[in-house]
Amino acid sequence: MSRIVDRRLNNKNKSAVNRQRFLRRFHKQIRKAISHAMPKRGITDTDQGETVNIPAKDLSEPSFKHGLGGKREMIYTGNKEFSTGDRIERPPPQGQGQGNASNQGESEDDFVFELSREEFLEFFFDDLELPNLVKTQLKKVEKFETQRAGYQKEGMPSNINIVRSMQKAYARRIALTAPYKKQLKQAEKQLQQLIEQGKEHSQAVLELKADIETLQRKIQAIPFIDTFDIRYNSFIRVPKPTTQAVMFCIMDVSGSMGQYEKDVAKRFFILLYLFLNKVYKKTQIIFIRHHTIAKEVDEEEFFHSRESGGTVVSSALKLMKTIIQDRFATDDWNIYVAQASDGDNWNNDSHICRNLLNQDIMPYVQYYAYIEITQHGHQSLWREYQILSHKYDNFAMQHIQVLADIYPVFRQLFQKKLH
Amino acid sequence: MNKQAISTGSEWSHALLQQYDQAIAEIAHEKYHLDTYPNQIEIVSAEQMMDAYASTGMPLNYPHWSFGKQFVNTEKNYKRGAMGLAYELVINSNPCISYLMEENTITIQALVIAHACYGHNSFFKNNYLFQTWTDADSIIDYLLFAKNYIAQCEQRYGLDEVEQLLDSCHALMNYGVDKYKRPPKMSIQKEQQRQREREEYLQSQVNHLWRTLPQKNEDTTAQTQTQFPSEPQENLLYFIEKNAPLLEPWQREIIRIVRKIAQYFYPQRQTKVMNEGWASFWHYTLLNTLYDQGKVSDGFMIEFLSSHTNVLFQPNFDSPYYSGINPYTLGFAIFSDIKRICQQPDAEDKRWFPDIVGGDWLTTLDFAMRNFKDESFIAQYLSPKVIRELKLFSVVDDDKETELYIAAIHDDQGYQYLRESLSDQYNASYYEPNIQVYNVNLRGDRSLTLRHYIHDRRPLGHTTQDMLKHLYRLWSFPVHLEEVNINGHIRHRHTCPLRQAQLQTH
């Protein structure tokens, strides 16, 4: 007697460990693929998986094989016109579609596969050397709450609302039986009258009695409860209530900011964005680029156009101040600022920047993070900002030389939110 | 029709599966005397099926990136709709475990039950190769032991160490089987018990072998080179496990595990045509008998026949879908033809198969199933009729000739030739290069020399240098591979690591 076992409810991710091994093994290639992909992705769609290409030769599993040459014989099916002794031109070596191909290893196509969102973020975070607690916090999907949302006509049996269903049934019974009941009442009244008149045995009485019986049967035929009476409790998933945030990305686009600096800046912005996106229900991003004058732009222009000229940081701060005043009344919005620069600024301007921040900006923002991406010494802006960082807890600054330097800027921010 | 069909719809249910299984079992055992292991039928989802694919069909296995690669690939193709998953997967164990996909209709489930649970199952239990080489009772236990042991090694020696070792072992997996002697029975208790003893013993043996070196060194200059091993050995992994000088005991144990698993799969590689042919023959016969008994409807039969035809589809050589001879088709054709020869022989059959003509077809088939592997099965039973039906022909590609030529086709002169030639094609030593351990330089640099015995002048392919690297990783001293032609002349010599001079020319 055979045993039949239903395994469908067993866990199905038996191969997860093998998949992890696979990712681990090709760590280098995958990281390379991801850094290739980074420039093509917007800040806001960091939250997705990624397609990764790995050259086939990197993942070949060799075994001893025969090479070309020598004598080989193959049996094929479906002969049409050949007879023994026929000679055929040798097909070109690469087009050996006739089964010989199996002797010559696999094709050299790339191995393409999808990284899931979690895996992608894991790789993304790896460069930044984030602490594990922060990683898990960032990767967590937004929490939902289940809320009652009235009643609906379809649902699972366990969600049937009995009171509501009975009400519906009752209403339907009243509505459907009403005309019969009215006739019944009338007929009973007439019958009563006839009986009182002493005409019990007349034809009319018999007919009335028959009518009454039919009506009663009709009333009884109305079902007590019907499928369309049933109401189900309806539940909807509501995101946990959080407020909204706006994130200002400020970047220096003067000629001295090269592709590498921009790439570092981008990762810096992405990290802040990921954080805000977890904590707040809605995050808006404002991109401000500046050289001597500042301009609000879209993401594409922010990262990809280059201009040369001097640098006046205060222009960007002034623009931000106006935008805050115009659009983000501070009670409703949590304001975060991330600024990236190579530290170059017109000397007399740095002082203005400090004052602007001190008086008009810092009082309103939640967190201000500044990174300086440079291989050279610090200039006046750094020194002015240092004064601010001593004064404000929520002002963080960092000199970036390698990617792993980014996280410390946010350390305080993450700590505050996580504990 | 006086009997009611078991089912009419296409949905399956637990109860229906049981009824079909019972009906099929009754026919298989009572009417056709199939001898099977008890069955365990497991219903799985598509994801679980892909999991099973990834770990070479085994219900449990040690983790390795190559299984992950396989999984990622299967998943990708399946999700894109580029490939369907098999209806079933069956494991040579006792009880015989078959996975059935939940998406199958009841007809397909019945087909699969007949095919796997009675066809493959009886083959596993009775074919001599499986009886000799595999241990259905203990394979699951052994895999459990292997999985735990490798997990322990990973903890103690690091993931990378173990992974590299497994990479090298996997590369040599096909050269880790004994082809001529029977391996001892496996059992988890004994395995664990003996594993430690073996560890110590093995190491002492190896030490003994190499310890003799220094003392003898002084007066060996004049001594003649001794050959070690005295006979060439074809089981490379076994030789390395027992003799590699620097391997740690746990590394030897892992090599042994890979070797054991390779040995377990060895009969399957050698009986693909027979195994699939046998299972197809029986699903066809069993379900037709069900139909004759009135237990299944016409609709059922139409769906069944359509799947059956798909499975047995053999594209012609010039079709874009051609990928070699379909083992299902060839095996089914031969088994069906044996039955025909027994029941309705013609003059040709009497010439070709005088000993089975007019015999009892069940006994004849049973004998064929038990005592052959693909190579000998084809040599014995491929009939002119099957050759004609498949329109077989042979193409010879000889690099001494400017053109290919047709050596034989499906005519009177060609039958015997095609039969022998096709049988050769299923001979492992034909499609796998014949490589053996030839010598170890015990007195000198401890280098290992392998020999490739060239057949039909076919040299080794482009993977050879990679393979030598794997061998070098296991052996830890230089590895040479000589390609020797039929006259004993060395045609090529490969070495790993490449010497300085060679490196410069590359």
Side-chain angles (χ1 to χ4, degrees), chain A residues 1-8 10-26 59-80 82-91 97-105 111-114, chain B residues 14 17-18 21 39-45 47-48 51 54 63-69 71-72 76 102 117 170-171 174 314 316-317 324-325 390-399 403-410 414 418 421-422 425 433 435 456-463 466-467:
Chain A
M1 188 66 232
S2 305
R3 239 176 70 184
I4 300 179
V5 191
D6 194 335
R7 289 272 182 226
R8 284 173 296 172
N10 288 26
N11 60 357
K12 44 189 147 209
N13 273 331
K14 253 189 194 169
S15 286
V17 51
N18 289 324
R19 188 180 165 97
Q20 283 310 314
R21 291 292 164 87
F22 174 74
L23 295 181
R24 188 176 164 277
R25 166 96 174 195
F26 297 100
L59 5 99
S60 71
E61 297 164 75
S63 60
F64 279 120
K65 296 216 166 102
H66 282 123
L68 287 174
K71 179 184 161 199
R72 65 194 71 223
E73 179 168 7
M74 289 294 286
I75 309 285
Y76 296 101
T77 58
N79 181 24
K80 295 196 177 73
F82 299 130
S83 12
T84 312
D86 278 0
R87 297 199 161 250
I88 318 158
E89 203 178 316
R90 197 188 298 273
Q98 305 195 349
N100 284 0
S102 59
N103 296 328
Q104 300 309 318
F111 187 82
V112 184
F113 69 101
E114 290 284 327
Chain B
H14 203 274
L17 286 184
Q18 230 150 15
D21 176 67
N39 278 304
Q40 176 160 327
I41 299 171
E42 306 201 348
I43 313 291
V44 298
S45 62
E47 286 94 337
Q48 288 168 324
D51 281 340
H64 189 256
W65 67 268
S66 61
F67 306 143
K69 170 185 158 190
F71 180 75
V72 166
K76 185 183 71 185
E102 63 170 337
C117 306
H170 284 182
N174 289 351
Q314 171 68 64
N316 287 337
F317 75 99
I325 296 176
L390 290 172
K391 297 196 167 57
L392 297 181
F393 66 108
S394 156
V395 180
V396 174
D397 178 358
D398 190 334
D399 61 357
E403 290 164 318
L404 309 180
Y405 66 92
I406 308 292
I409 65 160
H410 43 95
L418 282 171
S421 176
L422 188 62
Q425 237 180 69
I435 293 170
D456 280 346
R457 303 192 318 279
R458 282 183 299 168
L460 288 177
H462 64 285
T463 54
D466 287 338
M467 290 302 293

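It should be emphasised that the depicted structure is a prediction, and the values quoted were computed from it without experimental measurement.
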Trainee: Check Q425(B) against I75(A) and note the closest heavy-atom contact, atom names and distance.
Mentor: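 Minimum heavy-atom separation between Q425(B) and I75(A): NE2-N, 2.6 Å.
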
Trainee: Do N18(A) and F71(B) pass the side-chain contact (heavy atoms from CB on, under 4.5 Å) test, and can you show the C-alpha distance, the side-chain angles, and the key distance before you say yes or no?
Mentor: CA-CA 8 Å; N18(A) 289 324; F71(B) 180 75; 5.7 Å; no

Trainee: Within the structure provided, determine whether F82(A) and V395(B) are in side-chain contact (heavy-atom separation under 4.5 Å).
Mentor: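 No, their side chains stay 4.5 Å or more apart.
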
Trainee: Drop me the distance from K76(B)'s NZ to F113(A)'s CZ, to the nearest 0.5 angstrom.
Mentor: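 Output value for this atom pair is 9.0 Å.
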
Trainee: Between the side chain of Q48(B) and the main-chain N/O of R7(A), is any donor-acceptor distance below 3.5 Å?
Mentor: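 Yes; judged by distance alone, with no hydrogens or angles, the pair exists.
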
Trainee: If we define contacts as heavy-atom pairs under 4.5 Å, which of N316(B), L17(B), L422(B) has the most with chain A?
Mentor: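 Heavy-atom pairs under 4.5 Å are most numerous for N316(B).
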
Trainee: Which heavy atom of D399(B) sits nearest to which heavy atom of R90(A), and what is that distance?
Mentor: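 Smallest heavy-atom distance, with atoms named: CA-NH2, 4.2 Å.
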
Trainee: A side-chain contact here means heavy atoms from C-beta on lying under 4.5 Å apart; do H14(B) and I4(A) qualify?
Mentor: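 Yes, side chains in contact.
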
Trainee: Salt-bridged, D456(B) to R72(A), with N to O below 4.0 Å?
Mentor: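 No salt bridge links D456(B) with R72(A).
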
Trainee: Would the distance check show the side chain of T463(B) and the main-chain N or O of S63(A) forming a donor-acceptor pair, the cut-off being under 3.5 Å?
Mentor: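 Yes, T463(B) side chain to S63(A) backbone: donor-acceptor pair under 3.5 Å.
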
Trainee: Could you please spell out the steps behind the side-chain contact (heavy atoms from CB on, under 4.5 Å) verdict for K69(B) and E61(A)?
Mentor: CA-CA 11 Å; K69(B) 170 185 158 190; E61(A) 297 164 75; 3.3 Å; yes

Trainee: What's the shortest heavy-atom distance between I88(A) and E403(B), and which atoms?
Mentor: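 Closest approach of I88(A) to E403(B), heavy atoms only: O-CB, 3.2 Å.
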
Trainee: Taking N79(A) for the side chain and L392(B) for the main chain, is one N or O donor matched with an acceptor at less than 3.5 Å?
Mentor: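 Such a contact is absent between N79(A) side chain and L392(B) backbone.
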
Trainee: So which heavy atom on P63(B) is nearest to which on V17(A), and how close?
Mentor: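 P63(B) and V17(A) have their closest heavy atoms at CB-CG2, 3.7 Å.
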
Trainee: Select, from P433(B), A407(B), S66(B), C117(B), the one with the greatest count of heavy-atom pairs under 4.5 Å involving chain A.
Mentor: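 Max contact count across the listed options: P433(B).
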
Trainee: Could you look at Q314(B) and say if it's the side chain, the backbone, both or neither that has a heavy atom under 4.5 Å from chain A?
Mentor: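 The answer is the side chain of Q314(B).
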
Trainee: Give, for atom CG of N39(B) and atom CZ of R3(A), the distance between the pair rounded to the nearest 0.5 Å.
Mentor: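 It is 11.5 Å, given to the nearest 0.5 Å.
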
Trainee: Determine the option with the most heavy-atom pairs under 4.5 angstrom with chain A, choosing from N174(B), L460(B), V44(B), I41(B).
Mentor: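 Counting heavy-atom pairs under 4.5 Å, the top option is I41(B).
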
Trainee: Which atoms form the tightest heavy-atom contact between F393(B) and G78(A), and what is the distance?
Mentor: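 The pair with the smallest heavy-atom distance is CE2-C, 4.4 Å.
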
Trainee: Of all the heavy-atom pairs spanning G69(A) and R458(B), show the shortest one and how long it is.
Mentor: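 Heavy-atom minimum between the residues: O-CG, 3.3 Å.
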
Trainee: Working to the nearest 0.5 Å, report the span between NZ of K65(A) and CG of D466(B).
Mentor: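 Between K65(A) NZ and D466(B) CG, I get 10.5 Å after rounding to 0.5 Å.
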
Trainee: Classify the ring geometry of F26(A) against W65(B): parallel below 30°, tilted from 30° to 60°, perpendicular beyond 60°.
Mentor: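 Perpendicular: the ring planes of F26(A) and W65(B) meet at over 60°.
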
